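Not measured: the values here are computed from a predicted model.
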There are 2 protein chains.
Amino acid sequence: MKDVAARAGVGLKTVSRVVNGEPGVTVETERRVQEAIDSLGFRRNDSARVLRKGRTASIGLVLEDLADPFYGPLSRAVEEVARAHGALLINGSSAEDPEREQELALALCARRVDGLIVIPAGDDHRYLEPEIKAGVATVFVDRPAGRIDADAVLSDSFGGSRAGVAHLIAHGHRRIGFIGDQPRIHTATERLRGYRTAMEDAELPVAPSWVALGSTAPEAVRDAVVDMVAGPEPVTALFAGNNRVTVTALRALADHQQRIALVGFDDLELADLLHITVIAQDAAALGRTAAERLFRRLDGIDDRPAQVTLKTTLIPRGSGEIPPGTIH
Amino acid sequence: MKDVAARAGVGLKTVSRVVNGEPGVTVETERRVQEAIDSLGFRRNDSARVLRKGRTASIGLVLEDLADPFYGPLSRAVEEVARAHGALLINGSSAEDPEREQELALALCARRVDGLIVIPAGDDHRYLEPEIKAGVATVFVDRPAGRIDADAVLSDSFGGSRAGVAHLIAHGHRRIGFIGDQPRIHTATERLRGYRTAMEDAELPVAPSWVALGSTAPEAVRDAVVDMVAGPEPVTALFAGNNRVTVTALRALADHQQRIALVGFDDLELADLLHITVIAQDAAALGRTAAERLFRRLDGIDDRPAQVTLKTTLIPRGSGEIPPGTIH
DNA sequence: ATGAAAGCGCTAACAA
DNA sequence: TTGTTAGCGCTTTCAT
């Protein structure tokens with residue numbers, strides 16, 4: 001910038017004005033400055049600008065895994081809102097590791113992102129308290145924050161799985177299995193609660209062998225499926241706790257003689273062609289809502305932290321409507 | 001940092017040494033500084049650090065659409081490599097709009113990212129020349145750069161679709177349709193070229209009505225499919241130019257009386273359960289290779305720009321092995 | 001082992 | 001309309 005000023009024969013501030021489109025520069029001066037800019041190939045250094053202004057015009061997004069088809073649309077939705085506000089998006093994957101989540105979130109804070117959107121891997125977010133106090137707007141998505149009071153945008157996991165399980169019951173099932181993620185993950189326990197409530201609503205017992213909570217790695221889910229359909233009290237229907245579970249369960253069920261009904265939490269691409277009944281949550285809406293909340297805070301609207309819950313949708317496509325006892 | 005120094009009763013530089021783990025500080029002094037840091041909740045401001053050091057420890061990724069299941073894994077792979085090098089990832093979607101690509105890429109350069117990975121939307125990247133000269137390492141992925149000499153990591157679109165179409169021919173098809181993306185997109189024309197070459201190899205004619213290049217919006221693809229299977233010279237097989245086309249084509253073919261063979265470029269989740277034969281490219285490998293190349297450059301290894309092409313894999317699963325004339 | 005001073009490139013505040 | 005000065009928070013250089 002100094003060089004540009006020298007070459008155009010003007011002061012530093014005049015260049016700054018031209019670069020930022022501020023008023024108070026004659027057309028002629030502007031032309032000279034512009035010429036100098038072009039010939040020197042100058043481009044403003046935003047790092048310096050950030051240091052001076054105190055705002056980085058960027059927000060951070062800590063999610064679980066960008067490669068998961070659930071988080072792609074969520075991230076994209078956040079990006080669109082950020083873009084509308086002139087901000088860039090830095091994102092990182094925690095790989096469901098609380099330490100990595102913390103490391104990432106703090107690294108983003110050190111970069112002085114204006115705001116932070118976090119999909120929690122851990123269940124204790126007190127480490128963010130000083131940052132939030134220092135002015136980093138923070139919104140949690142998909143799962144609530146642990147041990148601090150903060151904004152959160154969630155899907156109705158409880159209501160969704162309750163409706164999904166009720167749907168299976170309505171189609172005649174009495175023995176229904178539930179396969180979900182680690183119990184330390186909030187959505188997993190909420191969905192399990194929905195399952196149990198739906199069973200209670202129908203006054204149905206739940207055998208311990210019908211519930212599997214834990215790793216959603218393919219082998220683990222496959223084992224759980226096999227146990228449930230082949231055990232002494234074999235289930236006639238399954239509720240899959242998330243998209244990964246649904247996919248693996250479908251593969252495991254593909255060559256089972258008995259047709260097992262299935263409702264999965266989360267929609268999948270091609271689920272329509274495979275006739276999979278799902279409880280769909282709107283990942284993009286989740287991201288959009290969270291980002292909008294964040295920017296409201298950045299715009300100075302400072303209401304109390306609140307929790308927003310988005311509805312889920314039951315989409316019947318066939319797999320959830322198979323009656324018990326159907327053969328392939 | 002000033003405050004920390006004051007509170008610990010030491011000089012600014014000493015605090016800096018402690019914060020950065022530099023040697024030359026007594027244990028006792030370090031303890032005092034650390035205490036001040038903790039009680040003040042101090043965290044280094046990386047913006048200032050960046051300004052001083054000239055390196056941001058961040059790289060930019062401009063891709064087409066983070067919500068597209070092809071780019072999620074790619075982005076994640078880039079992130080992992082970046083993380084291994086202590087860098088953060090800023091990413092943005094061009095939405096296949098050349099102007100938006102440029103805007104994003106230049107915004108990232110203004111932030112002084114150390115390197116840039118670009119999945120081109122446009123076909124003229126001369127606008128990046130000054131940045132590259134100024135030291136921003138740049139690698140193009142999925143599609144080559146336009147009008148400049150730069151690193152590129154690509155999948156073998158030509159060879160992949162040639163193999164896919166040859167596979168259909170080997171299963172008895174003579175009238176094969178091709179549906180692909182806009183011709184200005186490099187991969188689209190390469191894949192078309194692969195199709196034409198495979199047809200020529202087998203000395204088969206190609207009717208103009210068998211080729212549709214253009215928007216991959218569902219309606220457009222659906223129309224193309226309907227035209228091809230119902231025209232005067234109806235095709236018995238289709239080659240789908242990318243994942244979106246495959247999905248829409250499958251939906252359009254689902255209720256057609258004749259079974260149409262299909263091979264799609266790009267693998268899909270659940271493609272195994274739907275028995276879809278595909279030409280798979282390894283999105284993660286694409287991202288990893290590009291990122292590794294980028295960091296090699298950042299490490300000072302400065303060989304000439306080169307183009308790397310990754311192999312594709314034909315995965316036969318059923319849809320590509322349907323003989324002509326099969327009825328549902 | 002420790003610290004003082006200069007300066008990275010920009011913008012805010014003020015002056016001319 | 002234009003320019004000057006100070007300083008954002010850190011690291012680098014050079015003294016001590």
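Counting non-hydrogen atoms under 4.0 angstrom, B:Val10 reaches the backbone sugars and phosphates but no base. No engagement by B:Ser47 is indicated, since no non-hydrogen atom pair under 4.0 Å with the nucleic acid exists.
Checked against salt bridge (charged side-chain N to carboxylate O under 4.0 Å, His left out), A:Arg244 has the following partners two or more places apart in sequence or in another chain: A:Glu64, A:Asp68, A:Asp181. Residues meeting the salt bridge (charged side-chain N to carboxylate O under 4.0 Å, His left out) test with B:Asp38, sequence neighbours left out: none.
Residue B:Thr14 has no polar side-chain atom (N or O) positioned under 4.0 Å from OP1 or OP2 of C:dT2. Contact between the side-chain N/O atoms of B:Thr29 and the OP1/OP2 oxygens of C:dA1 is not found at any separation under 4.0 Å.
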Take B:Arg111 and A:Ser47 through the side chain to side chain donor-acceptor pair (under 3.5 Å) test and state the conclusion after the steps. CA-CA 6 Å; B:Arg111 299 275 168 124; A:Ser47 300; over 6 Å; no

Tell me, for nucleotides 8-16 of chain D in 5' to 3' order, what letter each nucleotide earns: B for a base near a protein heavy atom under 4.0 Å, S for only sugar-phosphate near one, - for neither? BBBBB----

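Put simply, the side chain of A:Thr189 gets close to the backbone of A:His186: a donor and an acceptor are under 3.5 Å apart. Distance alone, capped at 3.5 Å, places no donor-acceptor pair between the B:Ser58 side chain and the B:Leu89 backbone. Under the 3.5 Å distance criterion, the side-chain polar atoms of B:Gln281 are left unmatched by any main-chain donor or acceptor of B:Ser155.
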